**Student:** 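Can you keep this structure in mind? I'll have questions shortly.
All chains are named by letter (A, B, ...) in the order of the sequence lines, taking the proteins before the strands, and each is independently numbered beginning at 1. Since this is a predicted model, take the numbers as computed values, not measurements.
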Protein chains: 2
Amino acid sequence: MGVFSKTCEYAIRAVFYISQRTHEGYKTGIKEIASNIDSPEPFLAKILQKLAKAGIVQSVKGPNGGFYIDIASFDRPLSDIVEAIDGAEIFTGCAMGLSFCSEVNPCPLHNDFKEVRNRITEMLHRTSISQFDEELIRGQLSLNK
Amino acid sequence: MGVFSKTCEYAIRAVFYISQRTHEGYKTGIKEIASNIDSPEPFLAKILQKLAKAGIVQSVKGPNGGFYIDIASFDRPLSDIVEAIDGAEIFTGCAMGLSFCSEVNPCPLHNDFKEVRNRITEMLHRTSISQFDEELIRGQLSLNK
DNA sequence: TAAATAAAAGACTTTTAAGTCTTTTATTTA
DNA sequence: TAAATAAAAGACTTAAAAGTCTTTTATTTA
Ligand code: FES
Ligand code: FES
């Protein structure tokens with residue numbers, strides 16, 4: 001089990017890929033996205049629908065249609081994707097599954113785990129959707145395999 | 001979704017509870033453990049069987065039987081529990097679900113995520129099963145709710 | 001040694017996550 | 001305006017995680 005659900009992993013990879021393609025001036029169809037991020041095509045379709053409803057990606061139907069990211073969305077943080085797919089638990093939940101994390105009656109791992117959680121939160125808030133476009137275009141970063 | 005599976009959360013809570021009770025001089029039955037860590041009793045039974053096979057907890061059947069932790073196991077790190085239940089993925093896996101994490105062809109989150117993963121790994125290696133016994137006995141830490 | 005106790009074992013069910021398929025709707029272009 | 005294209009919608013299936021139940025085995029104690 002990873003830190004994010006499989007669905008969320010596909011979502012993040014897809015959004016990075018779409019951002020890169022938008023940066024290059026293209027709208028991108030599901031088939032191309034799926035093959036470039038190594039995900040099952042119909043499942044990815046479901047995920048992109050959800051992201052489109054959340055306003056994280058944009059889409060147009062018909063010939064020359066596909067998915068893209070509008071200027072306003074380029075700077076959205078990765079945390080928006082994670083929250084839309086997996087919810088907020090990763091930002092607030094207890095390491096050991098207590099129903100809520102608190103300073104007043106903490107679990108044994110609380111002090112260490114809140115640092116971990118903060119790091120994850122910082123990473124996801126600091127990182128933007130379009131942040132890696134150039135490195136992806138240059139082929140220095142990987143979204144598949 | 002948390003960082004650990006639900007099964008693993010129960011396992012950690014149970015082991016801390018058994019350690020505390022062993023420290024106080026008792027063997028503890030499943031019913032008592034389940035009610036004190038707020039877990040479903042028959043599911044916990046399965047989990048404890050697995051931990052017993054892994055040598056992380058010890059058990060004796062029959063009257064006055066139950067679960068306890070032998071002296072040699074007190075100092076085992078929490079990572080042994082996590083690895084026995086969830087496997088090693090949390091220590092080595094890629095944030096975005098690439099089939100392996102590497103420096104040579106990293107995903108966009110690699111540099112940030114390896115720090116997160118290192119923190120989790122350190123926390124789990126540094127923390128021992130018996131480390132919180134006294135605070136648990138004093139009621140300063142919580143394993144339920 | 002019989003009865004009681006408590007974990008081990010394994011088959012089973014339920015729930016959730018992951019993945020697929022078919023039909024509909026919107027858009028473009030010939 | 002018809003044909004082609006591509007996403008949206010929703011019903012559906014499969015696989016994995018979570019949880020339950022019943023029977024067996026080991027141990028103790030009366
Ligand atoms: S109470 Fe468990 S992490 Fe805060
Ligand atoms: S390659 Fe993704 S975390 Fe290392």
**Student:** Return the value, rounded to whole Å, for the distance between atom CD of B/Glu41 and atom C1' of D/dA18.
**Tutor:** 16 Å
**Student:** Calculate, to the nearest 0.5 Å, the distance between atoms CG and NZ belonging to B/Leu48 and B/Lys46 respectively.
**Tutor:**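 Rounded to the nearest 0.5 Å, the CG-NZ separation comes to 11.5 Å.
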**Student:** Closest approach to the side chain of B/Pro63, judged atom by atom: which nucleotide of C/dA26, C/dG19, D/dT27 is it?
**Tutor:**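 Shortest atom-to-atom distance from the side chain points to D/dT27.
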**Student:** Just the rounded figure in Å: distance from P of C/dA8 to CD1 of B/Ile47.
**Tutor:**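 Going from B/Ile47 (CD1) to C/dA8 (P), I get 13 Å.
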**Student:** Look through every strand shown and name the nucleotide pairing with C/dT1 as Watson-Crick or G-U wobble, where both distances are under 3.5 Å.
**Tutor:**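 Answer to the pairing question: D/dA30, which forms a Watson-Crick or G-U pair with C/dT1.
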**Student:** Counting the atoms with a prime plus P, OP1 and OP2 as sugar-phosphate, which does B/Lys46 contact under 4.0 Å by heavy atoms, base, sugar-phosphate, or nothing?
**Tutor:** base
**Student:** Provide, to the nearest angstrom, the distance between the OH atom belonging to A/Tyr68 and the C1' atom belonging to D/dA7.
**Tutor:**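 Distance check: A/Tyr68 OH to D/dA7 C1' gives 13 Å.
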**Student:** Counting only side-chain N and O atoms of A/Ser5, is one of them less than 4.0 Å from OP1 or OP2 of C/dA17?
**Tutor:**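 Looking at the OP1 and OP2 atoms of C/dA17, neither is under 4.0 Å from any side-chain N or O of A/Ser5.
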**Student:** Looking for any heavy atom pair under 4.0 Å, which part of the strands does B/Pro40 touch: base, sugar-phosphate only, or nothing?
**Tutor:**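 Contact class for B/Pro40: sugar-phosphate only.
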**Student:** On a plain distance test, is the side chain of A/Gln49 in donor-acceptor contact with the base of D/dA9 below 3.5 Å?
**Tutor:**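 Yes, the side chain and the base share a sub-3.5 Å donor-acceptor pair.
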**Student:** Let me spell it out: for each of B/Asn64 and B/Pro42, pick the nucleotide of DNA chain D with the closest heavy atom. Which residue's pick is nearer the 5' end?
**Tutor:** B/Pro42
**Student:** To the nearest Å, how far apart are A/Leu44 CG and D/dA6 P?
**Tutor:** 16 Å
**Student:** Which of the following nucleotides, D/dA18, C/dA18, C/dG19, is nearest to the side chain of A/Tyr10?
**Tutor:**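 Closest nucleotide among those given: C/dG19.
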**Student:** Can you measure B/Phe67 atom CZ to D/dT27 atom P for me and round it to whole angstrom units?
**Tutor:** 14 Å
**Student:** What integer distance in Å separates A/Ile56:CD1 from D/dA7:P?
**Tutor:** 18 Å
**Student:** May I have the distance from A/Phe43 (atom CZ) to D/dA9 (atom P), rounded to whole angstrom?
**Tutor:** 17 Å
**Student:** Thinking salt bridges, do B/Asp38 and B/Arg13 make one under a 4.0 Å N-O criterion?
**Tutor:** no
**Student:** Check every atom of C/dA7, C/dG19, C/dT28 against the side chain of B/Ser59 and return the nucleotide holding the closest atom.
**Tutor:**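 When the side chain of B/Ser59 is considered, C/dA7 is the closest of C/dA7, C/dG19, C/dT28.
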**Student:** Does this structure show an ion pair linking A/Arg138 with A/Glu135, if we count only N-O contacts that are shorter than 4.0 Å?
**Tutor:** no
**Student:** Please determine, for D/dA7, whether a Watson-Crick or G-U wobble partner exists with both distances under 3.5 Å, and give it or none.
**Tutor:** C/dT24
**Student:** For the OG atom of B/Ser39 and the CD atom of B/Glu9, what is their distance to the nearest 0.5 Å?
**Tutor:** 11.5 Å
**Student:** Assess whether a salt bridge exists between B/Arg119 and B/Glu122, defined as any Lys/Arg side-chain N lying under 4.0 Å from an Asp/Glu carboxylate O.
**Tutor:**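 Salt bridge between B/Arg119 and B/Glu122, a charged N being under 4.0 Å from a carboxylate O: no.
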**Student:** Starting at atom NZ of B/Lys50, determine the distance to atom C1' of C/dA7, rounded to an integer number of angstrom.
**Tutor:** 18 Å
**Student:** Here's a test for you: under side-chain contact (heavy atoms from CB on, under 4.5 Å), which of A/Leu136, A/Ile81, A/Ile37 qualifies with A/Phe16?
**Tutor:**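 Option passing the side-chain contact (heavy atoms from CB on, under 4.5 Å) with A/Phe16: A/Leu136.
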**Student:** Check every atom of C/dA9, C/dA7, D/dT29 against the side chain of B/Ile30 and return the nucleotide holding the closest atom.
**Tutor:**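 Nearest to the side-chain atoms of B/Ile30, counting from C-beta on, is C/dA7.
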**Student:** Would you say A/Lys53 reaches D/dA9's phosphate, i.e. side-chain N/O to OP1/OP2 under 4.0 Å?
**Tutor:** yes
**Student:** Tell me the partner of D/dT13, counting only Watson-Crick (N1-N3 plus N6-O4 or O6-N4) or G-U wobble (N1-O2 and O6-N3) with both under 3.5 Å; none if nothing fits.
**Tutor:** C/dA18
**Student:** Contact class for A/Lys27 vs. all strands (heavy atom < 4.0 Å): base, sugar-phosphate, or nothing?
**Tutor:** nothing
**Student:** Of the candidate nucleotides C/dA8, C/dT20, D/dA7, which contains the atom at the shortest distance from the side chain of A/Lys61?
**Tutor:**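 Minimum distance to the A/Lys61 side chain belongs to D/dA7.
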